[in-house]
Amino acid sequence: MPFEPTPLSDGEYHTITSAVLARIEATVDRWLQDDVVDIDTQRTGGLLELGFPNGSKIVINTQPPLHELWMAARQGGYHYKYAQGEWRDTRDGRDFFDALSTCASEQAGRSLRFEPPFSA
């Protein structure tokens with residue numbers, strides 16, 4: 001792992017991951033309202049599914065026992081750990097929101113940008 005994860009209590013982990021999922025949902029809702037792109041969201045607890053117009057999906061899933069955030073997209077599966085205020089890929093250290101933006105842009109066929117919640 002190219003970085004040192006920040007130790008989190010279970011409560012901190014749940015607060016941070018809830019903010020991440022809420023931020024993603026709010027961004028998608030704003031895009032739908034502004035007629036940018038029609039992405040369906042479905043959330044069940046710590047699992048958020050993004051459905052794209054072409055039928056593809058991105059699934060973001062919290063992993064409380066591991067204090068990780070997982071993402072499955074057409075490009076592959078990714079695991080993230082929290083480090084110094086950012087979610088970083090456990091393999092290459094890439095930022096979660098950069099990877100999500102890249103995957104969503106590819107699957108939507110247009111440039112999309114997700115930003116982290118300001119409080120995280």
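Sequence positions, counted from 1, serve as the residue numbers for this chain.
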Handout entry: Contact check, side chains of Val37 and Arg110, non-hydrogen atoms, under 4.5 Å
Key = yes
Practice task
Take Leu50 and Val28 through the test side-chain contact (heavy atoms from CB on, under 4.5 Å) and record every step on the way to the result.
Solution key: CA-CA 9 Å; Leu50 306 178; Val28 170; 4.2 Å; yes
Problem - Side-chain donor/acceptor of Arg23 to backbone N/O of Pro117, under 3.5 Å - result: no
Practice task
Would you mind reporting whether Ile39 and Leu32 have side-chain heavy atoms less than 4.5 Å apart?
Solution key: no
Handout entry: Chi angles and distances behind the ring-ring contact (aromatic ring centres under 6.0 Å, His included) call for Tyr80, Phe96
Key = CA-CA 7 Å; Tyr80 298 86; Phe96 168 78; 5.1 Å; yes
Exercise for the section: Give the minimum heavy-atom separation between Cys103 and Met71, together with the two atoms involved. Expected result: SG-CE, 4.0 Å
Practice task
Say whether, by atom type as modelled, one donor and one acceptor occur between the side chain of Arg43 and the main chain of Gly45 under 3.5 angstrom.
Solution key: yes
Exercise for the section: Evaluate the side-chain proximity of His67 to Asp10: yes if any heavy-atom separation is below 4.5 Å, no if none is. Expected result: yes
Practice task
Dump the intermediate steps for side-chain contact (heavy atoms from CB on, under 4.5 Å) on Asn54 and Arg74, then the final yes or no.
Solution key: CA-CA 12 Å; Asn54 64 4; Arg74 198 186 308 178; 2.8 Å; yes
Exercise for the section: Please report the closest heavy-atom contact between Arg113 and Ser101, naming both atoms and the distance. Expected result: NH1-OG, 3.3 Å
Practice task
May I ask you to decide if Pro65's main-chain N or O and Tyr13's side chain share a donor-acceptor pair within less than 3.5 Å?
Solution key: no
Problem - Contact check, side chains of Thr62 and Val20, non-hydrogen atoms, under 4.5 Å - result: no
Problem - Note, Glu25 side chain near Leu48 side chain (heavy atom, < 4.5 Å) - result: yes
Fill in the blank from the handout: Tightest non-hydrogen contact, residues Ser9 and Glu12, listed as N-OE1, 2.8 Å
Exercise for the section: Would you check if the side chain of Asp34 reaches a backbone N or O of Val36 as a donor-acceptor pair within less than 3.5 Å? Expected result: no
Handout entry: Under 3.5 Å donor-acceptor, Thr44 side chain and Leu47 backbone
Key = no
Problem - Ile16 CD1 to Leu21 CG distance, which is reported to the nearest 0.5 Å - result: 12.0 Å
Exercise for the section: List the steps and the verdict of side-chain contact (heavy atoms from CB on, under 4.5 Å) for Gln84 and Thr6. Expected result: CA-CA 6 Å; Gln84 288 84 46; Thr6 302; 4.0 Å; yes
Exercise for the section: Check whether more than 12 heavy atoms from other residues, nucleotides or ligands sit under 6.0 Å from atom CD of Gln42, and answer yes or no. Expected result: no
Practice task
Decide yes or no for Pro5 and Tyr82: does some side-chain heavy atom of the first lie under 4.5 Å from some side-chain heavy atom of the second?
Solution key: no
Exercise for the section: Indicate whether the side chain of Gln107 and that of Ser56 have a donor and an acceptor atom separated by less than 3.5 Å. Expected result: yes
Handout entry: Heavy-atom side-chain proximity of Ile58 to Phe52 below 4.5 angstrom
Key = yes
Practice task
Check Tyr78 against Arg91 and note the closest heavy-atom contact, atom names and distance.
Solution key: CD2-NH2, 3.4 Å
Practice task
Could you tell me whether the side chain of Ile60 reaches within less than 4.5 Å of the side chain of Leu100, counting heavy atoms only?
Solution key: yes
Problem - Side-chain H-bond candidate by donor/acceptor type, Glu68 with Trp70, under 3.5 Å - result: yes
Exercise for the section: State whether a side-chain donor-acceptor pair under 3.5 Å links Thr102 with Arg94. Expected result: yes
Practice task
Check for a donor-acceptor pair, side chain of Ser105 on one end and backbone N or O of Leu112 on the other, with a separation under 3.5 Å.
Solution key: yes
Practice task
Go through the steps for Arg88 and Asp98 under the test salt bridge (Lys or Arg N to Asp or Glu O under 4.0 Å), then give the verdict.
Solution key: CA-CA 10 Å; Arg88 293 283 174 189; Asp98 288 344; 5.7 Å; no
Handout entry: Test ring-ring contact (aromatic ring centres under 6.0 Å, His included) applied to Trp31 and Phe114, step by step
Key = CA-CA 11 Å; Trp31 289 338; Phe114 286 92; 4.8 Å; yes
Problem - Separation between OG1 of Thr90 and NZ of Lys81, rounded to the nearest 0.5 Å - result: 8.0 Å
